[in-house]
Structure formats: structure tokens, C-alpha cells
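Order of the sequence lines fixes the chain letters, A, B, ..., with proteins taken first and strands second; residue numbering starts at 1 for each chain. For the numbers below, each heavy atom of this structure counts, side chains included, while hydrogens, waters and symmetry mates do not. Being a predicted model, the structure only gives us computed values, none of them experimental.
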Amino acid sequence: MATYTTSEFRSGLKIMIDADPCSIVENEFVKPGKGQAFNRVKIRNLKTGRMLEKTYKSGESVEAADVTDIDMQYVYTDGEFWYFMDPNSFEQISADKDAIADALKWLKEQDLCAVTIWNGAILNVTPPNFVELKVAQTDPGLRGDTTGGGNKPATLETGAVVKVPLFIDQGEILKIDTRTGDYVSRVKG
Amino acid sequence: MVNPTWEPRTSLHVLEVRALFLTLIRQFFIARDILEVETPALGSHASIDANISCISCLYPAAAGLTKYYLQPSPEYAMKRLLAHESRSIYQLCKVFREGEFGRWHNPEFTMLEWYRVEWDYQALAAETEQLIKDLLQPHRQLDASEVYTYQSLFQTYADINPLSTSTQALKKLLQAHDINPPETDYDGFLQLVQTHLIEPKLPRNKLIRVIDYPESQAALARTRKTANTMVAERFEIFLDGVELANGYQELTDVVEQRTRFQRELDGRSAQSNPLPIIDERFMAAMASGLPECAGVAVGVDRVLALALGHTGIHEVITFPFDRI
């Protein structure tokens with residue numbers, strides 16, 4: 001069993017806490033001049049996404065979590081699982097609905113996603129920062145209105161609903177920032 | 001290949017302010033007729049303090065490779081001088097501590113330590129505040145200082161009496177604040193309440209003096225009986241939640257000194273930590289008679305960092321531990 005001692009703690013380090021894989025977000029060494037040394041850490045539970053705080057005695061060992069982050073291509077879904085392929089080994093693994101979570105509404109086949117794998121299973125999927133998706137449905141575009149403010153909802157081919165400028169038409173391809181869910185621009189093509 | 005870590009972490013401005021600090025510190029002590037001394041950074045004995053680990057090195061002595069220790073504080077050596085010369089002395093030096101690396105810690109740091117013969121710890125605390133204020137004055141204007149006893153500090157900021165509570169109550173208090181503490185002892189929990197709950201809440205921009213610690217945290221301070229308990233005549237000074245100074249009414253009783261060392265050694269053995277050998281030269285000096293005195297140590301890097309508005313000491317150290 002691989003372990004880390006507190007002196008190896010740094011942000012991004014993956015450790016096991018109460019049988020869940022977690023990632024260290026912040027690590028602070030605290031020690032009153034004449035007191036014991038502690039490491040105070042803020043941690044994200046990679047399964048639930050929840051943040052928690054924990055304090056260790058400096059020098060304590062903690063079990064390492066076998067977590068890797070790799071870029072994988074989204075291939076297809078059978079409705080129950082979403083399948084991803086390692087572009088180097090062509091190996092495929094599947095993610096369940098919990099692991100896909102919010103990434104679902106941005107995923108288009110062949111997109112390269114950042115995938116977090118723990119013990120051979122997908123824990124988490126982060127879509128590309130920018131995706132290009134076709135407008136499936138929106139109110140007819142207002143010709144000529146390319147400057148004014150105002151926006152309207154548009155449903156994209158993946159089912160995501162985003163706010164778009166009034167001049168956007170059905171069938172157009174849009175560039176979307178998946179981190180904020182904001183419309184960025186039209187894609188010529 | 002470009003490796004930017006060859007460069008110092010400090011700006012030229014920081015170097016200039018540090019140089020000025022060293023000059024101002026020396027002027028402060030010259031004006032008060034306190035003698036500057038130097039004692040060895042390398043010693044034959046490690047600190048007995050249960051919570052301080054020394055960095056050791058091997059020296060080829062007559063008996064073969066012998067372990068020596070980089071001193072974590074000049075305290076033992078300065079007390080040997082005090083026992084011999086009986087006059088007030090100060091030292092500005094580098095000290096070393098194993099495993100202490102973080103925002104406010106570096107394994108090697110600059111310490112200012114001084115002893116006032118015939119002085120009382122409260123007077124020394126006031127003098128320490130004066131020095132810190134003098135150093136900060138060109139950079140920031142502090143509000144009026146506040147003084148707490150260890151007890152009133154805990155009562156004010158954590159609503160708990162540190163002298164008459166229980167390990168369970170302290171643990172519960174921490175858990176109620178979503179802090180998952182490790183298993184530790186009574187003093188360990190008190191420290192966690194201090195570092196996790198109290199220090200973040202301390203008023204900013206003023207020196208906070210805390211006096212009269214629990215007997216269990218006396219270290220080398222004299223203890224005194226109060227109405228219903230024993231307290232250690234010890235003080236610490238905080239600024240912006242950061243500990244800057246730690247001082248004592250120095251213990252002068254050699255018998256009590258040996259008892260304290262034994263207690264630290266018992267604490268170490270309970271945690272299966274290495275058991276250092278008691279420095280008998282230091283004990284002999286204590287036996288010959290340490291003059292009544294008060295002593296204090298100040299973390300110079302921390303004062304400098306806070307003077308310049310930094311949120312840690314690495315910005316004021318030319319080459320911190322991750323760049324050496």
C-alpha cells in the first residue's frame with residue numbers, strides 16, 4: 001500500500017480518507033513555537049465533490065489514492081453508460097451517470113475530455129473548456145440585430161440550454177465555454 | 001535550459017528593508033547597553049523539547065563519526081553565558097528545525113533572542129513590543145496593543161476555559177467547527193483551538209500580548225501559584241494572528257529544570273520519538289546559578305514579512321528551503 005507522509009502533502013495530491021479518494025486542495029503547516037506540529041488540509045472528496053477539512057499530526061502517514069488524470073475521447077453512450085477511449089492504447093472504459101454528472105450536457109462524440117480514474121473506474125469527467133455544438137431549437141433569429149443586447153434561450157444538440165444573442169438561428173454551430181455555460185461566438189462553417 | 005529557481009525569492013526592496021532591520025535591531029540594543037554575543041550554531045546536544053526536532057550532521061571526531069546538531073535556538077548556550085557573566089545579552093542568529101516548512105516556517109530562520117538580567121517578564125514583554133513597533137513604524141501604523149491572559153484569550157475567542165475544561169470538550173468544540181482533529185492530548189487540543197479557532201479571529205493591525213500559560217506549557221518558564229491554579233510566567237506576542245515572540249520569566253531552579261527535562265523526555269518516549277541526552281554542561285551552568293532574568297525570542301523573518309504586508313515568510317528569505 002502506497003502512503004504519503006504529511007511532508008509530501010501539496011495541492012493536487014490524491015489520498016484516501018474514510019475509504020474515499022480525495023484530492024488535497026490546500027495544505028498548511030501549523031505549529032505554535034512550543035507546541036506540536038500539525039498539517040491542516042482542505043480536501044475535495046473526488047466521489048462526492050464535497051469539500052472537507054482535516055488536520056493531521058505532522059509526520060503521520062496517509063494512504064495514497066490510486067487516482068490518475070488522463071485525456072480520453074468520448075465515443076458513445078448506450079443510455080446507461082458513457083464510453084471513453086484512451087487515444088494511445090485504444091482501451092475503452094465506461095462511466096456511469098454519477099461520474100458523468102454535469103459533463104453530460106456538453107458531451108459530443110469524439111470530444112477529448114479530462115477523465116479521472118480511480119482503481120480502473122471513471123470517477124469524474126471534465127469536458128473540454130470550449131465545445132462547438134449545433135443549435136437544435138431556438139426562436140427565429142432577428143436579422144440584422146448583431147449589436148444590440150438582449151438574449152434568448154437556445155437548446156443545443158446535446159440538450160443543454162444556453163442564452164444566446166437574438167440573431168442566432170436554428171442549425172447554427174456555436175462555441176460554448178463549458179466552465180460557465182456561456183455562449184462565446186458563432187462558428188463559421 | 002531556463003530554471004528560474006536560481007533567482008532569489010526576495011525583491012531588492014525586501015533585501016534593503018532586511019538590512020535596515022538588522023541595523024535598527026543592533027541600535028536598539030546598543031542604546032540599552034545590552035551586549036551582542038555569538039554562540040555556536042553547531043552543538044553536541046539536541047533540544048530536549050518534545051516538539052522540536054534538530055537537524056543533525058556527522059563530524060569525524062576522535063571517536064569516529066559523531067553526531068552534532070544544528071541548534072534550534074541559542075537558549076542553552078546563552079544561559080551558560082548568563083550564568084557566567086550575569087549581564088544582559090542578545091544574539092541575532094540563524095537557527096534550524098527539522099520538518100518545519102510552511103507559509104510561516106522555514107527549516108532555517110533568523111532568530112533574535114535576548115535576556116534581561118533582574119527583569120520581570122512583563123517588563124520584557126513591553127520592551128519586545130517596543131522593538132517590534134520601532135521596526136514596523138516606517139511601514140505600518142499599528143493600533144493600540146491588547147493584553148490577554150491565556151485564559152481570557154480562550155474565553156474571549158473560543159468561549160472555553162482552557163485551565164478547567166476537558167479533552168473531550170476541546171475535541172467537541174473543534175468538531176463543532178468542522179475541524180476533524182487527529183487524536184492528541186489535552187495540550188494538543190488546546191493548540192488546535194488556538195491555531196484553528198482563535199488565531200484567525202484575533203483583531204488585526206495590533207499587537208496582542210498573551211501571558212500566563214497553563215503549567216503544562218511552561219517549557220522553561222517559572223511557574224506561579226494563582227488563586228486556584230498554577231500558571232507559567234510566559235508570554236507570546238501576536239500580530240495579524242501570527243506568533244512573533246515567545247518569552248519567559250526564566251526558570252533558575254536546577255532541580256526543577258531536571259524535572260521539566262524528564263517530563264519532555266517522557267513525552268518523547270510516549271510518542272516513540274528519539275530521546276536526546278541532557279546537556280550536562282548546561283545543567284552545570286544552571287547549578288552554578290542562573291541570575292534571575294527574563295528572556296525572549298523573536299522570529300525576525302515574520303516581523304519583516306508582516307512589516308511588508310506578505311502572507312508568509314518565504315517572500316522575505318533570499319533562498320527559502322525549496323530553492324537551496
Side-chain angles (χ1 to χ4, degrees), chain A residues 1-67 118 123-124, chain B residues 47 49-53 72-73 97-107 111 174-175 177-185 187-192 194-196 198-199 210 213 216-221 232 234 236 238 243-248 264 267 271 273 297-299 302 312 322:
Chain A
M1 185 181 80
T3 60
Y4 296 116
T5 65
T6 55
S7 61
E8 296 172 276
F9 280 10
R10 66 187 62 80
S11 60
L13 194 76
K14 310 294 194 294
I15 58 174
M16 295 298 296
I17 294 172
D18 301 332
D20 275 357
C22 297
S23 176
I24 293 179
V25 177
E26 215 180 286
N27 166 48
E28 182 154 26
F29 175 81
V30 291
K31 182 186 188 303
K34 293 289 166 186
Q36 298 175 34
F38 295 100
N39 282 68
R40 180 181 192 177
V41 288
K42 288 203 176 82
I43 302 160
R44 184 187 305 281
N45 181 319
L46 293 173
K47 267 171 101 171
T48 64
R50 259 204 298 273
M51 295 283 289
L52 69 141
E53 192 184 315
K54 208 168 159 71
T55 297
Y56 292 91
K57 280 187 200 173
S58 294
E60 246 184 282
S61 294
V62 184
E63 190 187 341
D66 180 20
V67 171
W118 173 54
L123 260 186
N124 189 276
Chain B
S47 172
D49 192 311
N51 295 315
I52 290 178
S53 297
S73 142
R97 298 189 181 180
E98 186 183 273
E100 299 193 9
F101 183 66
R103 215 144 54 89
W104 294 103
H105 293 83
N106 196 57
M111 184 176 268
L174 287 161
Q175 284 166 341
H177 286 83
D178 286 327
I179 291 159
N180 292 307
E183 280 312 315
T184 180
D185 54 15
D187 283 304
F189 283 123
L190 281 179
Q191 284 157 24
L192 288 174
Q194 184 180 328
T195 55
H196 288 42
I198 298 177
E199 286 174 13
V210 182
Y213 281 65
S216 54
Q217 294 180 33
L220 300 187
R234 179 179 159 193
E236 287 192 293
F238 294 84
E243 175 195 335
L244 295 181
N246 179 38
Y248 306 136
E264 293 294 316
Q271 296 174 47
N273 283 339
V298 174
R302 289 184 178 179
D322 53 7

Q: To the nearest 0.5 Å, what is the distance between CG on B/Asn180 and OH on A/Tyr56?
A: 8.5 Å
Q: At what distance, to the nearest 0.5 angstrom, does NE2 of B/His105 lie from NZ of A/Lys31?
A: 6.5 Å
Q: Is B/Phe101 close to chain A through its backbone or its side chain, or both, or neither, when contacts mean heavy atoms under 4.5 Å?
A: backbone
Q: Among B/Thr184, B/Thr195, B/Leu190, which residue has the highest count of heavy-atom pairs closer than 4.5 Å to chain A?
A: B/Thr184
Q: Could you name the residues of residues 34-50 of chain A that have a heavy atom within less than 4.5 Å of a heavy atom in chain B?
A: A/Lys34, A/Gly35, A/Gln36, A/Phe38, A/Arg40
Q: Nearest 0.5 angstrom please: A/Phe29 CZ to B/Asn106 CG, how far?
A: 11.0 Å
Q: Should we count CG of B/Asp322 as having more than 12 external heavy atoms under 6.0 Å?
A: yes
Q: Which bit of B/Asp178 is near chain A, if near means a heavy-atom gap under 4.5 Å: side chain, backbone, both or neither?
A: backbone
Q: Heavy-atom cut-off 4.5 Å, strictly under: side chain, backbone, both or neither for B/Glu199 against chain A?
A: neither
Q: B/Glu243 versus chain A, heavy atoms under 4.5 Å apart: side chain, backbone, both or neither?
A: side chain
Q: Using a cut-off of under 4.5 Å on heavy-atom pairs, state which of B/Glu100, B/Gln191, B/His196 scores highest against chain A.
A: B/His196
Q: Does anything in residues 3-15 of chain A get under 4.5 Å of chain B by heavy atoms, and if so which residues?
A: none
